[in-house]
Amino acid sequence: MTYEGMWSTLAPIGRHDRTGGYRRYTWSEPHRECQLWFQEEAAKRGLTLESDGNGNVVAWWRPDPDRTEGGVVTGSHLDSVPDGGAFDGPLGVVSALAALDLLRDNGVQPARPLGIAVFAEEEGARFGVACLGSRLLTGALPAEQARELRDADGLSLPDAMERAGASPALGPSLGLLHAPSAFVELHIEQGRGLVDLEAPVGVADSIWAHGRWRFEFTGEANHAGTTRMADRHDPMLTYAMTALAANKRARLTRTRATFGHVEVEPNATNAVPSTVRAWLDGRAHDQESLRALVEEVRRLAGDRAHRDGTGLEVEAESLTPGVDFDADLRRLLVTRLGGAPVLPTQAGHDAGILAAAGVPAAMLFVRNPTGVSHSPAEHAEAADCVAGVRALADVLTELLAP
């Protein structure tokens, strides 16, 4: 089946009728349908499926069945953020399958195995930890900590897996990739770098340091009408001023700071809140700059909380240092693609987790004309997607050669 054909069968799964965005939360029914789609596509190609107890799956092409170690792995993820776009993750999976088809059409006989990976919970939309599957696989996230994760309904990660028919066995499982010689992830660009460069495909050189912090502002619940303004201890005001301060600080330091998820108690229109929980997404070109950003936001929040008579607690939920992709592999990609442009990314990816664990890793980006991601407006032209498939196939041909 062609790239376009595969895309047309995958695209309807998990799309929300009202928003047009995708709700493919890991171990939900739409995500399970995506997994079944991948299994069927792998079966059509005679690939061997292997999985671990973390929800990660790899489909292997092994012309030499006795050769397991030192292969090449590509792929991405199939889960989404709430009302996310169609391309973030699935483009890399569909492109990997299409690239394999192109290799076979061109008569390529690989000297080593080729694996197509689908990693679990890359977005962290259900359990709050981005790249959860690859973090568990590499041991970057302890299994004990993962077992304590809960979704919005209070369901634990192992229980959610079991309800979806999976058999949880959380913990390091790098053996699933069989000591790969390289991992290459194709992904839609989450910005306008390639648009500005007028290039359909680019190569990543690095990923910024990034993390998530939970800010909990506590005050005093009270009546919205009868409580005088001077008598209030309103944590919503503390939060609002903190969000504004974080935005200003990020602009001044050329970093990124976003409060994108908020919970309010008692969450009533006619009540002064008692508690506001807000999650800060922070990103910077290096870990020291990220630390300085978060510490300054924490300080400003504390100063405001003191003035408002409210409480403040801050807890780090995840922290991923910046990573540079393998220099030799990056040069190979650039050369093989005739001098493709090289650019950094501020978004986290499974490729970054693998690179931090010592796996030689690289990324290819496909142009996004809107520059929008994590939104239904995310887009890639079919011609650019096909160019990405060809680029990936070209790179894999080189990496799979004797």
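Counting from 1, the numbers follow the sequence of the chain as shown.
- The pair Asp328-Arg331 counts as a salt bridge, with a side-chain nitrogen and a carboxylate oxygen less than 4.0 angstrom apart.
- Listed for the Thr19 side chain is a donor-acceptor partner under 3.5 Å among the backbone atoms of Gly21.
- Aromatic ring pairs are classed by plane angle as parallel below 30°, tilted from 30° to 60° and perpendicular above 60°; the pair His379 and Phe87 is perpendicular.
- Between Arg62 and Glu50, at least one side-chain nitrogen of the basic residue sits less than 4.0 Å from a carboxylate oxygen of the acidic one, meeting the salt-bridge criterion.
- Contact of the Leu78 side chain with the Ile13 side chain is not registered, since no non-hydrogen atoms from C-beta on lie closer than 4.5 Å.
- For the side chain to side chain donor-acceptor pair (under 3.5 Å) test with Ser76, the passing option among Glu122, His187, Glu185 is Glu185; the others fail.
- With a 6.0 Å cutoff to the six-membered ring centre and a 45° limit on the axis angle, Arg104 counts as a cation-pi contact of Trp61.
- The list of salt bridge (Lys or Arg N to Asp or Glu O under 4.0 Å) pairs with a residue in residues 300-309, not counting sequence neighbours, reads Arg299-Asp303, Arg304-Asp308.
- Looking at Thr345, Leu186, Val342 one by one, the single match for side chain to side chain contact (heavy atoms under 4.5 Å, CB included) with Phe365 turns out to be Thr345.
- You'll find the side chain of Gln39 stays beyond 4.5 Å of the side chain of Val57, heavy atoms only.
- Here side chain to side chain donor-acceptor pair (under 3.5 Å) pairs that include residues 196-210, with residues two or more places apart or in two chains, number zero.
- At a threshold of 4.5 Å between non-hydrogen side-chain atoms, the residues Leu343 and Glu189 count as touching.
- Using a 4.5 Å heavy-atom cutoff, the side chains of Val314 and Val297 are not in contact.
- Gln346 places no side-chain N or O within 3.5 Å of a backbone atom of Arg256 that could act as its donor or acceptor partner.
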